[in-house]
There are 2 protein chains.
Amino acid sequence: MSMENSMSKNALNKSASTWAPVRANSVANQIVEQVREALFAGNFQTGDMLGSEKDLAEQFDVSRITVRDALRTLETMGIVEIKVGAGGGARIAEGNLDHFSDALAIQFKLSGVTEFEILDMQVAIECKAAELATLNRTPENLEELREILEEAEGLLDDPTGFTQAGQRFHLAVVEASGNRALIAQFKALRHVVWPQNARRANRGIAEHAQKVHQKLYTMIDKGDHEAARKLMVAHLESIRAVAFPENGKEVASGPICC
Amino acid sequence: MSMENSMSKNALNKSASTWAPVRANSVANQIVEQVREALFAGNFQTGDMLGSEKDLAEQFDVSRITVRDALRTLETMGIVEIKVGAGGGARIAEGNLDHFSDALAIQFKLSGVTEFEILDMQVAIECKAAELATLNRTPENLEELREILEEAEGLLDDPTGFTQAGQRFHLAVVEASGNRALIAQFKALRHVVWPQNARRANRGIAEHAQKVHQKLYTMIDKGDHEAARKLMVAHLESIRAVAFPENGKEVASGPICC
DNA sequence: AATGTTTTAATTGTTATATCATTATATGAA
DNA sequence: TTCATATAATGATATAACAATTAAAACATT
């Protein structure tokens with residue numbers, strides 16, 4: 001669609017009647033709101049061209065600076081994508097579910113949400129995912145799970161390698177759920193709780209984890225959703241027990257993986 | 001802390017050796033990255049002053065516009081808060097867990113994630129929350145749940161009112177979990193799936209929901225976490241059955257509440 | 001005709017300068 | 001003390017200019 005459908009020249013009312021705070025009512029923010037509302041109203045599709053800064057400045061009858069402010073905000077929100085050069089400009093961005101994991105991490109950080117709280121959330125996500133995986137898994141999902149298990153089998157004595165394989169197994173399970181909301185959320189949480197310093201698994205822990213993962217695979221393959229959920233609960237609780245060895249409220253040096 | 005600890009005048013290297021795309025390497029984005037990294041490195045606390053546009057322009061030896069670009073991005077990310085007037089400027093923002101629900105909604109919208117997928121996620125969140133609520137609920141939580149139940153009792157013949165009370169009950173349960181990650185996520189999802197057009201409950205449905213809610217309250221009060229979880233699962237599945245009457249893949253006019 | 005190279009135009013990035021609106025604070029009067 | 005007013009700090013917006021980059025068009029070569 002073209003901008004003219006939802007926005008006309010001089011469409012902005014500078015002398016708004018309400019006495020809202022300045023910053024919320026700035027011309028730049030009004031432009032942001034218009035685009036945002038148009039998006040949620042279904043007037044925009046991914047790839048739709050908004051125009052160049054110059055175009056938009058003319059359309060809204062404001063300066064380039066103001067348009068830039070609005071575009072910077074829209075860009076950070078992940079709504080528009082900006083390209084430099086001839087034929088460039090702002091257009092409606094593709095959805096990128098990884099995008100909001102940043103926002104999540106930032107707000108968790110600023111709000112002081114604990115690793116303990118996040119871990120509980122992760123349990124909720126993974127258990128539901130395991131359940132759904134038994135219903136929605138594709139042959140490709142199963143194949144990937146098998147491949148990861150095989151690879152992990154050869155890494156039982158390589159703590160770092162096995163840890164990484166274990167993390168990939170968990171991700172593959174969530175992906176097998178076929179639920180993009182769960183997948184995105186899981187990735188975001190992983191980004192928050194597993195910065196890079198996951199504890200390493202020694203041979204004993206690795207062997208145990210491998211057994212559990214294999215059992216999980218079997219259940220997902222068979223389609224036993226209640227059993228898969230219960231096993232995942234137990235598995236994650238045992239991981240938590242190692243990660244938070246005290247009575248559950250103390251933070252250890254970092255959660256182990258797999 | 002002061003900016004000098006992590007940033008010095010002329011700290012930006014315009015002639016970076018890597019051939020990254022311009023937009024990612026722009027001076028404004030470099031400033032954003034510096035602030036962001038300083039935040040995650042623990043060099044910033046909520047309320048720390050970054051300075052005014054003029055200050056920052058001098059510190060980084062760039063123009064005000066460039067600083068504005070960076071601040072607009074940081075503001076949209078929820079990292080800084082900007083105040084106009086004497087003594088104003090940019091400072092590290094308080095965490096606001098509602099902030100990321102916007103990001104979530106936008107990316108779900110752009111990615112075409114279905115209501116069905118989101119509902120599954122909501123089930124995962126609420127069930128875990130019900131479980132935790134039995135362990136962590138405070139006397140205040142219980143009191144609020146009782147109040148909502150009483151109020152709902154008088155609204156059995158007021159579909160709109162009962163629906164709202166039901167939604168508040170569900171939120172109160174999640175809040176009783178004491179897990180801020182779950183609470184924030186629940187609010188975000190509610191914002192996505194329940195825009196405003198929730199279906200209304202007739203007397204029969206309302207009476208049934210009220211009974212279930214009362215039973216949930218009893219279990220949360222008693223501390224029976226497994227029972228609470230199971231009841232919540234059943235409750236949400238029945239809601240889903242009404243919201244998605246077909247075989248589960250068809251979207252009805254909107255999910256009912258309570 | 002196909003392909004590689006150069007030129008050109010469009011577009012964002014950045015700077016500089018000014019003006020206006022808003023806000024907090026200082027100042028002073030009642 | 002309390003209230004009103006003046007003042008200074010600050011962001012919001014506008015205008016103009018140049019730099020850096022990119023895509024497309026024009027051109028040359030094979």
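Chain naming here is simple, since letters A, B, ... match the order of the sequence lines and numbering starts at 1 in each.
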Salt-bridge contact A:Glu143-A:Arg146 (side-chain N to carboxylate O under 4.0 Å) | no

Nearest-Å distance, CG (B:Asn25) to C1' (C:dT12)?
-> 15 Å

Short side-chain to backbone donor-acceptor contact, B:Gln107 and A:Asn96, under 3.5 Å = yes

Below 4.0 Å: OP1/OP2 of D:dA12 and any side-chain N or O of A:Ser63 = no

For atom CD of B:Glu94, is the number of surrounding heavy atoms from other residues, nucleotides or ligands below 6.0 Å larger than 12?
-> no

note: A:Lys54, atom NZ; D:dA17, atom P; distance rounded to Å ~ 15 Å

Would you check, one step at a time, whether the test side-chain hydrogen bond (donor to acceptor under 3.5 Å, both in side chains) holds for A:Ser52 with A:Asp55?
-> CA-CA 5 Å; A:Ser52 68; A:Asp55 293 341; 3.2 Å; yes

B:Asp69 CG to C:dT15 P: how many Å, rounded?
-> 10 Å

Nearest-Å distance, CE (A:Met49) to P (C:dA10)?
-> 14 Å

Quick one: does B:Gln122's side chain have a donor or acceptor within less than 3.5 Å of a partner on B:Phe186's backbone?
-> no

Which atoms of nucleotides 24-27 of chain C (N or O only) lie under 3.5 Å from a protein N or O atom, and what are those distances?
{"from": "C:dA24", "atom 1": "O4'", "to": "B:Ala86", "atom 2": "O", "distance (Å)": "3.3"}

Among C:dT15, D:dT13, C:dT12, which nucleotide sits nearest the side chain of A:Arg68?
-> C:dT12

Roughly how many Å is it from CD in B:Glu58 to C1' in D:dT10, rounded to a whole number?
-> 14 Å

Let me know the distance between CD of B:Glu53 and C1' of C:dT22, rounded to the nearest Å.
-> 14 Å

What is the distance, rounded to the nearest whole Å, between atom CD1 of A:Ile82 and atom C1' of D:dT22?
-> 15 Å

Please tell me which of the listed nucleotides, D:dA12, C:dA16, C:dG13, lies nearest to the side chain of A:Ser26?
-> D:dA12

Counting only N and O atoms by type, is there a donor-acceptor contact under 3.5 Å from the side chain of A:Arg91 to the main-chain atoms of A:Lys83?
-> no

To the nearest angstrom, the CD1-C1' distance between A:Ile31 and D:dA14 comes to 13 Å

Do any N or O atoms from the side chain of B:Ser177 and from the backbone of B:Val173 form a donor-acceptor pair under 3.5 angstrom?
-> no

Given DNA chain D, 5'-ward residue of the pair A:Arg64 and A:Ala28, judged by closest heavy atom = A:Ala28

